[in-house]
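Please read the structure below before turning to the comments.
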Amino acid sequence: MQTIQLKDKEFRLYISNLEIEKKIAEIALKINSDYHQKELTLVIVLNGAFRFAAQLIRSLTIPIQITFLRVSSYRGIQSAGKVENNFDVDLPLGGKDVLIVEDIIDSGLTLQHISAGIKKQQPASLKVATLLYKPAALKYDVTINYVGFEIPNDFVVGFGLDYDQQGRGLNDIFVLNEKLSE
Ligand code: IMP
Ligand code: MG
C-alpha cells in the first residue's frame, strides 16, 4: 500500500491518476453533449479546482469562457464553517450558461455561497461540476449536476486538493490514514 506523509499526517493512495483522468473525460463527454452548440462559461473555484478544470478543458470540444473565483472555508482538515471570499469574477455572467467547477463538495457551504453570488447576475443557466463529493457531509441544500467520485466523509489530498497547502501537486488522490471524528 502506497502511503505518503504531509506534515503530521499519513495518507494512503485512494484514487489513481488513471482513474481520475478517465472519469474526467467521461464528465467532459456529458458536458459536450449537454451544451451542444452552446458556449459554456466555467467559474473555476480556486485554489483546489485548478487541476480538475485544466483536465476537463482538455476534453471539452464546445466553446468556453473561463473565470476564477477564490474561496476558502477550510483550515487544516476541518471546515471553518464560514466562507471567505472576495466575490468578483472578472466576466459578466448575466445571460450566460455558467458551470461552477469545484474540487470537492463537503458541507456544501462554499457552493451555496458561490451559487447565490452568481445567481444575482442572472445567468441563463447554472450548473455545478465537482471532482469529489462527500454526500454524508452535506449540510446545505445544493444541486450538483456532474460528479466525478462520491466518497465517504474522509479527508483527501492530491490532484489540486491540499492539507494546509501541501499535496496539491500530487497526481493521485490520497486519503487520510485515520478516521475523522464526527
Ligand atoms: P464545503 O464548503 O464544506 O463544501 O467545503 C468545500 C471546500 O472545502 C472545498 O472546495 C475544499 O477546498 C475544501 N475541502 C473539503 N473537503 C476537503 C478534503 O477532504 N480535502 C481537502 N479540501 C477539502
Ligand atoms: Mg475548494
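FYI, side chains are in, hydrogens and waters are out, and symmetry mates aren't considered; it's all heavy atoms of this structure. First listed ligand is number 1; within each ligand, the first listed atom is number 1.
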Could you tell me whether the side chain of Arg51 and the main chain of Gly169 form a donor-acceptor pair under 3.5 Å? yes

Using heavy-atom distances, let me know which of Asp106, Leu46, Ile114 sits nearest atom 5 (O) of ligand 1.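 Among Asp106, Leu46, Ile114, the closest heavy atom to atom 5 (O) of ligand 1 belongs to Asp106.
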
Restricting to heavy atoms, the pick from Ile151, Asn153, Leu161 nearest atom 22 (N) of ligand 1 would be Leu161

For the residue pair Tyr163 and Phe155, does the interplanar ring angle fall in the parallel (under 30°), tilted (30 to 60°) or perpendicular (over 60°) class?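 Perpendicular.
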
Within ligand 1, which atoms have a heavy atom of [X] less than 4.0 Å away?
X	result
Ser107	1 (P), 2 (O), 3 (O), 4 (O)
Glu102	10 (O)
Asp162	21 (C)

Is [X] in contact with ligand 1, taking contact as a heavy-atom separation below 4.0 Å?
X	answer
Lys134	yes
Asp154	yes
Val156	yes
Val157	no
Gly48	no

Please say which of Ile151, Ile104, Asn17, Leu131 ends up in a side chain to side chain contact (heavy atoms under 4.5 Å, CB included) with Ile173.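 Of Ile151, Ile104, Asn17, Leu131, side chain to side chain contact (heavy atoms under 4.5 Å, CB included) with Ile173 is met by Leu131 alone.
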
Arg12 atom CZ, neighbour heavy-atom count above 12 within 6.0 Å: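 Result for CZ/Arg12: enclosed.
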
With a distance cut-off below 6.0 Å to the six-membered ring centre and an angular limit of 45° from the axis, does Lys23 pair with Phe149 as a cation-pi contact?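 Ring-cation test returns yes.
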
Just by distance, with hydrogens left out, do Asp154 and Tyr14 show a side-chain donor and acceptor under 3.5 Å apart? no

Verdict with supporting geometry, Val128 and Leu111, side chain to side chain contact (heavy atoms under 4.5 Å, CB included): CA-CA 9 Å; Val128 178; Leu111 179 59; 3.7 Å; yes

Heavy atom under 4.0 Å from ligand 1: found in Asp103's side chain, backbone, both, or neither?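 The answer is the side chain of Asp103.
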
Does Gly108 reach ligand 1 with a nitrogen or oxygen that is under 3.5 Å from one of the ligand's nitrogen or oxygen atoms?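 Yes; at least one N/O pair falls below 3.5 Å.
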
What one should report as the nearest heavy-atom pair of Val101 and Ala49 is O-CB, 3.3 Å

